[in-house]
Amino acid sequence: MIRSEVLRDIAPILRDQLVVCNIGLPSQELHMIDDQPTNFYMLGTMGLASSIGLGLALAQPKKVITIDGDGSVLTNLGTLPTIANNVADNFILLIIDNGSYGSTGDQPTYAGKKTSLSAVATACGCDNVVECQAEDTPAVLQAALDSDRMTVIVCKCDSGNIKLPVITKDPVVIRDRFMTAVQS
Amino acid sequence: MSINKKIVDDLVANDIEFVTTVPCKQLAGVIDEVEARPEIYHIPSNKEDEGMGLCAGAFMGGKRPAIIMQNTAIGVTINTLVTLIQFYRMPLPMLISFRGELKEPVACQVEMAVHTKALLSQLNIPTYHFHKQQDAEELDAILKYTFMCNKPVAILTDATFWGGY
């Protein structure tokens with residue numbers, strides 16, 4: 001399974017939650033599969049999806065799911081100790097780990113080689129780290145939501161992309177629509 | 001009243017409840033004061049761009065954020081300032097220690113100091129420079145201005161302001 005298939009599988013679960021979605025193809029795929037006002041699409045700033053999601057979860061009580069990638073987490077590896085030491089039980093970090101920089105042409109990441117992001121997250125002090133195969137992601141994500149505990153999920157999937165358009169929505173519109181959904 | 005307490009009083013009076021910090025020697029006292037206040041959630045970050053991500057999330061969650069960092073961080077965060085904070089039009093007060101100014105003992109700090117105001121100017125970031133302690137009387141107005149205009153705003157605080165080393 002590739003990332004877009006994982007997103008298609010979990011879209012019914014994401015629909016009712018606040019979602020912060022990573023830059024590039026993940027946001028474009030989620031936008032195409034199931035655009036919702038509860039989705040915050042990152043149009044730039046690689047690496048900060050997990051930080052935005054944690055800040056959002058700490059600031060208000062609704063559940064927040066950040067959809068991140070292995071390459072983006074590697075870009076901002078300092079996020080994992082911050083997450084571990086600032087527990088927000090309404091926060092789920094879902095790392096879709098396809099071992100490649102998908103948006104830039106599937107160059108391999110170190111997470112697809114010797115580096116285990118689930119082991120890194122555990123070593124950083126994250127208490128609930130679950131590594132799963134792509135097809136198990138909906139069940140693992142639902143269990144994390146039901147647990148009411150901060151969870152880091154590392155979903156191992158194949159690399160590969162589908163063709164789709166960029167997001168042309170204005171960033172202020174995305175942000176305003178999202179903030180209205182957060183407050184509703 | 002200590003300058004650290006005055007600064008944090010102004011943050012609290014402007015409903016700033018979420019503060020991220022990356023330490024600098026000059027900022028140690030104000031960071032201690034932020035940590036001590038029950039009105040503020042203090043979340044140290046490992047790098048300043050990470051901290052700006054946390055602030056963006058907190059703002060969208062309804063909390064007013066602020067970041068406290070060193071001027072070297074301007075070099076670290078240009079992409080984040082432009083593609084996240086400015087592109088999505090978010091307010092972000094940045095209390096910045098302006099290293100490399102008069103009374104600076106570390107030569108390397110001057111290398112970034114000479115670029116600091118030019119970079120902020122190039123980024124169209126409103127910038128205020130606190131050199132004497134009475135300059136901090138404007139902090140309350142600067143914070144109100146920041147949340148009025150939804151922009152990142154820089155407050156540079158140099159060694160003379162902090163009383164030197």
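Reminder, nothing fancy here: chain letters follow the sequence lines and each chain counts from 1.
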Q: Side-chain heavy atoms under 4.5 angstrom apart, residues restricted to Ile, Leu, Val, Met, Phe, Trp, Tyr: same cluster for B:V34 and B:M69?
A: no

Q: In Å and rounded to the nearest 0.5 Å, what is the NZ to OG1 distance from B:K47 to A:T82?
A: 12.5 Å

Q: What's the spacing between A:I52 CD1 and B:E50 CD if we round to 0.5 Å?
A: 11.5 Å

Q: With a 6.0 Å cut-off (strictly less than), is the heavy-atom count around CZ of A:R8, excluding the residue itself, greater than 12?
A: no

Q: Crowded around B:K63 NZ? As in, over 12 foreign heavy atoms under 6.0 Å?
A: yes

Q: Answer yes if A:V6 and A:L94 sit in the same cluster of Ile, Leu, Val, Met, Phe, Trp and Tyr residues linked by side chain heavy atoms under 4.5 Å apart, and no otherwise.
A: yes

Q: Nearest 0.5 Å, please: how far is CZ in B:R89 from CG in A:D170?
A: 10.5 Å

Q: Could you check whether any side-chain heavy atom of B:L54 comes within less than 4.5 Å of a side-chain heavy atom of A:L48, counting everything from C-beta outward?
A: no

Q: Is it the backbone or the side chain of B:P44 that comes under 4.5 Å from a heavy atom of chain A, or both, or neither?
A: backbone

Q: Please round to the nearest 0.5 Å and tell me the distance separating atom CE of A:M179 and atom CE of B:M90.
A: 8.0 Å

Q: Can you confirm whether A:K156 is buried at NZ, in the sense that more than 12 heavy atoms of other residues, nucleotides or ligands lie under 6.0 Å from that atom?
A: yes

Q: Does any part of the side chain of A:T45, heavy atoms only, come nearer than 4.5 Å to the side chain of B:M52, both counted from C-beta?
A: no

Q: Taking the side chain as every heavy atom from C-beta outward, state whether B:F87 and A:R175 have any atom pair closer than 4.5 Å.
A: no

Q: Kindly determine whether B:T83 and A:L43 satisfy side-chain contact (heavy atoms from CB on, under 4.5 Å), including the steps that lead there.
A: CA-CA 8 Å; B:T83 65; A:L43 302 175; over 6 Å; no

Q: Side chains of B:Y41 and A:L58, heavy atoms from C-beta outward: is any pair under 4.5 Å?
A: yes

Q: Is there a path of hydrophobic side-chain contacts, each under 4.5 Å between heavy atoms of I/L/V/M/F/W/Y residues, joining A:L7 to A:I162?
A: yes

Q: What I'd like to find out is whether the side chain of A:N76 reaches to under 4.5 Å of the side chain of B:N46, using heavy atoms alone.
A: no

Q: Taking a hydrophobic cluster as the set of Ile, Leu, Val, Met, Phe, Trp and Tyr residues connected by side-chain heavy atoms closer than 4.5 Å, whether directly or through intermediates, do A:L164 and A:I174 fall within one such cluster?
A: yes

Q: Would you find more than 12 non-hydrogen atoms of other residues, nucleotides or ligands less than 6.0 Å from B:Q134 atom CD?
A: yes

Q: Under 6.0 Å between ring centres, would you say that holds for B:Y88 and A:F40?
A: yes

